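Right, one structure below, let's go through it.
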Amino acid sequence: MGEEDTKTESVSDNIESLLETVSDAEVNSRVSFEEFTDERALISHDAFGKKQMKIKVLEVSDENPVLKWKFGDRVKVTKILVTVKHLTTQQVEEAEFDIEEIERELAEKRHYSSTNRWIPAEDIKNGYVVGSKHTRLISDASALDYIIF
C-alpha cells in the first residue's frame, strides 16, 4: 500500500509540473469544443460537385428582429463576401455583395424578392455563414445573374 501511494503522488506531481509549463496565453488561445467549427459545415457545393462556395458576413443591420420568441436570435445580413472555388481548375473567385441593394433592385425590376436576410445567430460561425443558409442569401443575386452557382 505504501508503494501505491508514492506512485500516485509521483503521477500527480508529474501532472502538476506539466500543467505549470503551459503558459496562460497558450491556454487562452485554445478553442473549446463548443467554439470549434468544422470547415465542411461552412462550405456548400453546386449540383455537379465542381464548385464550392463559402460566404463571410461583412456587415449586419442593427434592426431588431420581430417575434424573437418564435424564431430565436437572428441577425439581418446586409453585406457578404462570396468565395467560389472551382474544383477542376482550383481557380478562386471572390465578390462582395450588398444584399440590401440587390434586393431593392430585384423588387424594382422583377416586382418581387426572394431573399430572406434574417439568419439565426447560431448559423454564423467564426464570421462565416453555415452552408445550409447560402441559398437564402444569394437567391436574388442569382436571379439577376450576378452569381452563377
Side-chain angles (χ1 to χ4, degrees), residues 8 11-149:
T8 307
V11 168
S12 65
D13 290 340
N14 287 339
I15 291 171
E16 288 177 5
S17 65
L18 288 172
L19 291 175
E20 290 173 327
T21 60
V22 177
S23 70
D24 289 337
E26 288 180 66
V27 171
N28 292 336
S29 69
R30 291 184 183 157
V31 176
S32 70
F33 182 74
E34 291 81 24
E35 294 173 339
F36 175 76
T37 303
D38 189 7
E39 187 75 15
R40 294 175 291 185
L42 304 176
I43 296 173
S44 61
H45 299 272
D46 70 336
F48 301 109
K50 295 183 179 185
K51 296 179 187 176
Q52 290 180 338
M53 179 170 45
K54 196 171 179 182
I55 297 179
K56 182 175 179 101
V57 176
L58 297 179
E59 189 177 301
V60 294
S61 173
D62 57 353
E63 188 177 332
N64 291 326
V66 292
L67 296 176
K68 183 177 179 180
W69 60 271
K70 187 175 184 179
F71 299 114
D73 283 335
R74 298 177 299 156
V75 293
K76 191 173 188 178
V77 178
T78 56
K79 287 188 181 180
I80 58 174
L81 177 69
V82 177
T83 306
V84 176
K85 180 178 182 182
H86 300 269
L87 298 176
T88 53
T89 62
Q90 299 301 315
Q91 178 187 1
V92 176
E93 297 177 65
E94 280 190 338
E96 185 177 317
F97 291 102
D98 184 345
I99 301 174
E100 195 170 22
E101 186 63 35
I102 292 172
E103 185 177 20
R104 269 191 237 115
E105 183 182 344
L106 188 67
E108 183 181 305
K109 287 183 177 179
R110 310 263 173 89
H111 306 292
Y112 80 97
S113 176
S114 59
T115 299
N116 182 359
R117 296 185 289 132
W118 289 100
I119 301 293
E122 63 268 4
D123 287 341
I124 299 175
K125 310 282 185 182
N126 302 332
Y128 289 91
V129 178
V130 174
S132 62
K133 304 297 182 197
H134 287 179
T135 306
R136 80 178 357 179
L137 288 175
I138 65 160
S139 59
D140 285 352
S142 183
L144 291 171
D145 292 328
Y146 288 140
I147 185 170
I148 299 170
F149 187 74

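Both backbone and side-chain heavy atoms feed into the values below; hydrogens, waters and symmetry mates do not. For clarity, every value in this text was computed on a predicted model and none was experimentally measured.
When the side chain to side chain donor-acceptor pair (under 3.5 Å) test is applied to E63, the partners found at least two apart in sequence or on another chain are K76. For D98, the side-chain contact (heavy atoms from CB on, under 4.5 Å) test picks out K79, E100, E101, with sequence neighbours left out. For the side chain to side chain donor-acceptor pair (under 3.5 Å) test, no residue two or more places apart in sequence or in another chain qualifies with K51. Residues passing the side-chain contact (heavy atoms from CB on, under 4.5 Å) test with S142 are I147, sequence neighbours excluded. By the side-chain contact (heavy atoms from CB on, under 4.5 Å) test, Q52 is found to be paired with I43, H45, K85, L87, residues two or more places apart in sequence or in another chain being considered. Partners of E108 by side-chain contact (heavy atoms from CB on, under 4.5 Å), not counting sequence neighbours: none found.
Partner of I99 under the side-chain contact (heavy atoms from CB on, under 4.5 Å) criterion, out of T78, D140, L58, L137: L137 alone. Partner M53 forms a side-chain contact (heavy atoms from CB on, under 4.5 Å) with one of T135, T83, V82 and no other, that one being V82.
Between R104 atom CZ and K109 atom NZ the span is 14.0 Å, to the nearest 0.5 Å. Here the CZ atom belonging to F97 is positioned 10.5 Å from the CG atom belonging to L144, to the nearest 0.5 angstrom. Taking CD1 of I119 as the reference point, atom CZ of R136 lies at 4.5 Å (rounded to 0.5 Å). The CD1 atom of I80 sits 12.5 Å away from atom OH of Y128, with the distance rounded to the nearest 0.5 Å.
Minimum heavy-atom separation, S44 to G131: CB-O, 3.9 Å. Shortest non-hydrogen contact noted between H134 and V129 is NE2-O, 3.1 Å.
In this structure the side chain of I55 reaches within 4.5 angstrom of the side chain of I138, judged on heavy atoms.
Within the 3.5 Å criterion, the main-chain N or O of A143 finds a donor-acceptor partner in the side chain of R110.
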